[in-house]
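For the numbers below, each heavy atom of this structure counts, side chains included, while hydrogens, waters and symmetry mates do not.
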Amino acid sequence: MAGSAPVCCLREIRSIMESPMDWCFAEEGHSQDIVLEKQVFRSKVLESHVQLACSSQYCAFPLNGNELCIWNIGINPVHQPLHLIGHHHSITAVSFGSKMDPLLVCSASRDYVIVWNLDECTKKALQGITPCGIVIGTLLGIVLYVRFSPDDQMVAACAGNRIYILNAKNEAVLAELEGHLAPVTAAEFCTWEKNMLISVSEDRSFKVWDCCTGVLIYQSAVLTAFPLLSLFIDEEKKQIITGCADGQLWIFSLISGHNYRCVVHINVKKEIERFYSKTGKYLQQFGEIQNNFKLSGINDTRVEETVETSLPILRIEHCDKPSHTDKEENFFPAVIARYLWIGSSTGLFIINLANFEIEAALHYKDYSDLSIQFAGSCVLTRKAVDGKVLCLLTSMFESVIALLEISPTALMRAQKNEFLSYGKEKCLLVIASCSLLPNSPLNTESLKKSSSKLTNKKTLGPKGTMKDQPLVFHNKIKSSGYTSAPQMKMFSPNTKMKKTNKVLEWKNNCKRKNKEYPLENFPPTKSEREISAAGKPTSISCIQYSGDGEQLACGLADKSLLVFNSNLTGTPSVFSASYFPKLSHVPCHFGKLVLYCTGHDGAINSVGWSHNKKWLVSASEDKTVRIWSVCNTEPALLLGREMFQRSVRFAQFYYIDKFILLCCGAEFHLVNCYLDISKDDLKRYKQKSVCNLVQKFPMASTVEITSLSAVNDFYSYIVLAAGSNRALEVFDLNAGCSAAVIPDVQSRSVHQICQNKGSAFSTQQPEAYNLFMTSAIGDGIKLWDLRTLRCERRFEGHVNRCHPCGIAVSPCGRFIASGSEDKCAYIYEMHSSTFSHKLTGHTESVINVAFNPSSAQLTTATLDGKLQLFLP
């Protein structure tokens with residue numbers, strides 16, 4: 001009969017069916033059920049490189065070359081398995097249909113592509129009638145991959161360099177897709193775009209097709225030097241994920257308007273090494289590999305050289321979120337993570353799609369009783385049943401096929417390190433949740449009281465008598481008035497007094513807005529205004545808005561400090577070195593500095609506003625920290641070169657303006673200060689501002705602190721410090737010590753820590769303030785949760801290879817802005833790892849960004865000294 005193939009009836013075969021045994025993975029004295037080998041089959045021929053199929057009820061695989069074996073997982077294996085024979089050549093690809101009623105399975109070989117209806121085949125076999133399949137393709141060549149369309153009406157068969165779109169009901173070729181330069185290894189239908197098909201090939205590229213018309217929609221560049229082997233379509237995020245033969249993963253966006261851009265590139269081999277280094281198994285795992293090499297006669301092998309040269313990504317599949325332990329039930333994560341199974345020749349790995357890190361690893365060699373130690377192909381069920389997933393494996397070197405049952409929850413629980421666990425004895429929170437300790441460094445007395453006591457004391461001689469003072473005539477001594485005209489009007493107010501423009505401007509700018517920050521608005525993406533901050537191209541080192549959003553402070557590389565109106569209009573206030581005389585000596589009395597202020601002599605590294613918007617603090621390469629009065633641009637305090645041996649990287653107000661935090665070298669300083677710009681007419685050159693060093697906090701095992709961050713808008717005991725050793729250290733200033741250390745935060749030194757501080761005009765959940773971000777050259781942006789000390793998400797897409805590009809989080813906590821070296825700024829949404837908007841129009845690299853805390857505004861700063869304002 002045309003369109004059908006000869007098949008044999010149901011029969012029992014002689015296969016090695018080992019009794020199911022439950023193997024456990026022991027760690028730290030606790031035994032956890034990880035994997036169960038449910039069934040083992042032996043074939044007469046090697047079935048190493050074939051496409052397998054597995055669903056929640058059935059698994060399908062070739063056996064003895066040309067036999068299609070169907071194993072029903074849910075029933076007693078009395079009449080198991082079902083064997084369907086219709087191929088003359090070895091079966092190379094098997095796939096289940098998308099629908100369950102009826103459940104179809106497609107098998108392909110060099111001679112035929114056959115579609116089987118499992119319900120009909122089972123019924124006919126039980127009745128003693130020969131089951132029949134429908135031949136939908138003949139002599140297409142070596143078929144490496146088959147896939148049903150979402151409606152089960154079409155089948156894509158990848159044979160050689162071509163993809164054949166076949167009718168699933170009869171033998172008809174609907175379209176022939178030709179364009180790949182090497183064998184096509186995988187193809188998937190897009191579920192939300194009708195007639196869209198994506199394919200990957202050994203030519204190291206992927207292509208997007210219209211499978212009905214045969215038109216090529218998009219073709220990527222060559223991604224790698226190794227063949228692409230696997231493909232997965234993420235329906236929720238509208239992304240494709242492909243893996244190659246060398247352990248590399250690429251994620252591309254299929255969202256309309258994204259132009260198939262790359263979201264992230266993941267080196268799975270490196271992520272596995274990082275995973276073992278975090279869980280403390282790195283030396284154990286690679287030590288075993290090294291011993292194996294020694295047994296093979298290979299000596300003097302370093303640990304780094306024992307890593308296998310190839311880690312083929314054989315399969316990519318969705319992984320349900322593992323259930324948490326009892327300690328985690330009341331924990332609300334900052335990011336709802338999604339996971340993927342990565343199937344390789346050596347094991348299975350669970351990867352987090354938010355931070356792109358390995359969460360768990362199952363190496364076949366760790367379970368000595370497993371029949372397969374090195375896999376040639378694998379497949380996993382998409383959905384877990386009772387918390388268990390099924391994995392079907394074929395051996396690379398033996399004619400063995402094994403069916404495994406794996407518990408992802410038990411696997412992740414067994415490998416979770418104490419450092420990364422949720423149930424820590426001491427949970428760190430940004431918002432202060434307890435009172436100050438009696439011996440806390442933050443419990444220091446304010447200098448305002450002590451300074452007022454000192455000024456009220458009279459200077460007495462040895463015997464208590466008043467010390468002689470020189471006679472000074474001063475303008476406070478009023479004239480007798482004999483030479484002036486008599487005043488005709490008594491108590492007449494002087495209405496002609498002129499207030500300076502700076503004072504008026506200060507009062508106007510300090511008026512708080514009565515409106516709230518728009519929480520549901522679109523991000524600011526429309527360019528409104530661009531100005532040049534300096535007369536010549538000068539790098540803008542730092543920018544920061546005041547707490548009321550009315551002013552913007554900018555620190556420049558030419559030693560200048562400018563304050564602009566938030567709308568970038570009008571003339572900025574200038575704080576420059578040319579305005580003040582230089583003083584070489586800074587007197588110090590009993591630890592309290594009586595200081596004299598001058599302008600900076602080096603590039604400004606950081607600038608920060610006080611909580612009351614009256615003061616600015618700036619740190620510079622000239623080894624000084626200066627505090628300025630905003631209303632009249634006068635200096636109030638100088639921490640000079642005698643205090644610091646190196647340049648000051650960062651300075652800010654802390655604990656609602658009670659302290660100053662600054663970092664220099666490998667330590668940061670907690671400084672208590674009292675600011676007063678009023679002058680005594682008798683001692684007009686003497687400042688009344690004083691400060692006192694409370695304590696120094698060294699960062700362990702680092703040469704220099706590269707970034708520092710703390711909250712000043714509300715009471716918080718937490719200070720975050722990143723060092724040149726790529727570590728991040730969390731300090732609890734209430735206890736006055738280090739609370740936690742996160743090693744290897746990024747691949748390079750962190751150049752900025754950005755906390756989610758919110759603003760006075762927006763409201764967020766208390767848990768949201770525990771989020772902070774880190775940025776490093778060449779390693780993107782990472783989002784961290786202080787409660788778990790884990791990286792929750794990575795953001796990639798901007799270009800940052802040379803210059804430190806700044807980052808900022810919006811007051812509503814929904815958006816993240818980043819600078820970039822491609823003369824653009826990027827806006828990310830907190831729940832997505834790829835950027836949502838790309839802000840163009842800059843003339844140089846964007847190295848700093850800042851959100852307005854009171855309105856939906858974004859300001860960018862470039863390497864050539866230009867500021868650009870963006871509105872929604």
4.5 Å side-chain heavy-atom contact, R790 and I742: no
So does L437 get a backbone contact from the side chain of S440, meaning a donor-acceptor N/O pair under 3.5 Å? no
Who are the ring pair (Phe, Tyr, Trp, His ring centres under 6.0 Å) partners of H751, not counting sequence neighbours? none
Would you call the rings of H669 and F644 parallel, tilted or perpendicular if under 30° counts as parallel and over 60° as perpendicular? tilted
Contact between E359 and F275 at the side-chain level, heavy atoms closer than 4.5 Å - yes or no? no
If we only count heavy atoms from C-beta on, is the N848 to V846 side-chain gap below 4.5 Å? no
Does this structure show an ion pair linking E667 with R646, if we count only N-O contacts that are shorter than 4.0 Å? no
Would you check if the side chain of N725 reaches a backbone N or O of S701 as a donor-acceptor pair within less than 3.5 Å? yes
Go through the steps to decide whether R748 and Q746 satisfy the test side-chain contact (heavy atoms from CB on, under 4.5 Å), and finish with yes or no. CA-CA 5 Å; R748 295 188 182 181; Q746 301 208 246; 5.9 Å; no
Residues I540, T862; criterion side-chain contact (heavy atoms from CB on, under 4.5 Å); working and verdict: CA-CA 6 Å; I540 300 178; T862 60; 5.6 Å; no
Test your reading of the model: is there a side-chain donor-acceptor pair from S620 to the backbone of D622, 3.5 Å cut-off? yes
Under 3.5 Å, is there a donor-acceptor pair between the side chain of D657 and the main chain of S610? no
Hey, is the main chain of F659 close enough, under 3.5 Å, to the side chain of N672 for a donor-acceptor pair? no
Applying side-chain contact (heavy atoms from CB on, under 4.5 Å), run through S566 and Q857 and close with a yes or a no. CA-CA 9 Å; S566 61; Q857 294 181 353; 4.3 Å; yes
N605 vs E621, test: side-chain hydrogen bond (donor to acceptor under 3.5 Å, both in side chains). Steps then yes/no. CA-CA 7 Å; N605 291 328; E621 289 289 334; 3.2 Å; yes
Quick check for you: to the nearest 0.5 Å, what is the distance between C664 atom SG and K696 atom NZ? 8.5 Å
Does the distance from a Lys or Arg side-chain N to an Asp or Glu carboxylate O, for E704 and R649, drop under 4.0 Å? yes
Would you call L637 and R626 a side-chain contact if the rule is heavy atoms closer than 4.5 Å? no
Beyond-backbone contact of C691 with Y674, side-chain heavy atoms, under 4.5 angstrom: no
Are any of the side-chain heavy atoms of S541 and L556 separated by less than 4.5 Å? no
Please report the shortest heavy-atom distance between G549 and S854, naming the atom on each side. CA-OG, 3.6 Å
Worked check of side-chain contact (heavy atoms from CB on, under 4.5 Å) between T859 and F564: CA-CA 11 Å; T859 299; F564 290 87; over 6 Å; no
Could I get the full list of salt bridge (charged side-chain N to carboxylate O under 4.0 Å, His left out) partners for D744, not counting sequence neighbours? R726
Nearest-0.5 Å distance, CG of residue L771 to SG of residue C754: 11.0 Å
Are side-chain heavy atoms of Q652 and I660 found at a separation under 4.5 Å? no
Taking the side chain from K757 and the backbone from V809, do they hold a donor-acceptor pair closer than 3.5 Å? no
In chain order, what residues pass the side-chain hydrogen bond (donor to acceptor under 3.5 Å, both in side chains) check against T860, with sequence neighbours excluded? H842
Please walk me through it: do W784 and T774 pass side-chain hydrogen bond (donor to acceptor under 3.5 Å, both in side chains)? CA-CA 8 Å; W784 300 81; T774 60; 3.0 Å; yes
Using the side-chain hydrogen bond (donor to acceptor under 3.5 Å, both in side chains) rule, take Q752 and S775 through it: C-alpha gap first, then chi angles, then the decisive distance, then the call. CA-CA 6 Å; Q752 184 179 354; S775 179; over 6 Å; no
With sequence neighbours excluded, give me every ring pair (Phe, Tyr, Trp, His ring centres under 6.0 Å) pair touching residues 701-741. Y655-Y715, F668-F731, F714-Y769
Does E273 form a salt bridge (Lys or Arg N to Asp or Glu O under 4.0 Å) with K270? I'd like the steps, not just the answer. CA-CA 5 Å; E273 294 178 15; K270 288 186 178 179; over 6 Å; no
Test your reading of the model: is there a side-chain donor-acceptor pair from E729 to the backbone of A700, 3.5 Å cut-off? yes
Closest non-hydrogen atom pair between A776 and N800, with its separation: O-ND2, 3.7 Å
With rounding to the nearest 0.5 Å, note down the distance linking CZ in F653 to CG in L661. 11.0 Å
Check side chain to side chain contact (heavy atoms under 4.5 Å, CB included) between E796 and all other residues, then give those that pass, not counting sequence neighbours. V264, R794
Shortest non-hydrogen pair, V849 vs G819, comes out as CG1-N, 4.0 Å
Donor-acceptor pair, S689 side chain versus A636 backbone, under 3.5 Å? yes
Is the side chain of S833 donor-acceptor paired with the backbone N or O of F795 at a distance under 3.5 Å, no angle test? no
Who passes ring pair (Phe, Tyr, Trp, His ring centres under 6.0 Å) against F815, sequence neighbours left out? none
Tell me the closest heavy-atom pair linking A817 and L858, and the distance in Å. CB-CD1, 3.9 Å
Within the side chain of Q764, is there an N or O that forms a donor-acceptor pair under 3.5 Å with the backbone of P811? yes
Going by heavy atoms in the side chains, are K782 and R793 under 4.5 Å from each other? no
Identify the two heavy atoms, one from R801 and one from I777, that lie closest to each other, and give their separation to 0.1 Å. O-CG2, 3.2 Å
Would you check, one step at a time, whether the test side-chain hydrogen bond (donor to acceptor under 3.5 Å, both in side chains) holds for S724 with T706? CA-CA 6 Å; S724 56; T706 57; over 6 Å; no
Can you measure from CG (L708) to OH (Y654) and round to the nearest 0.5 angstrom? 10.0 Å
Compare every heavy atom of L867 with every heavy atom of I543, then report the nearest pair and how far apart it is. CG2-CD2, 4.2 Å
Reported SG-to-CG distance for the pair C427 and N770, which is rounded to 0.5 angstrom: 7.0 Å
Straight-line distance of F356 CZ to E271 CD, nearest 0.5 Å: 10.0 Å
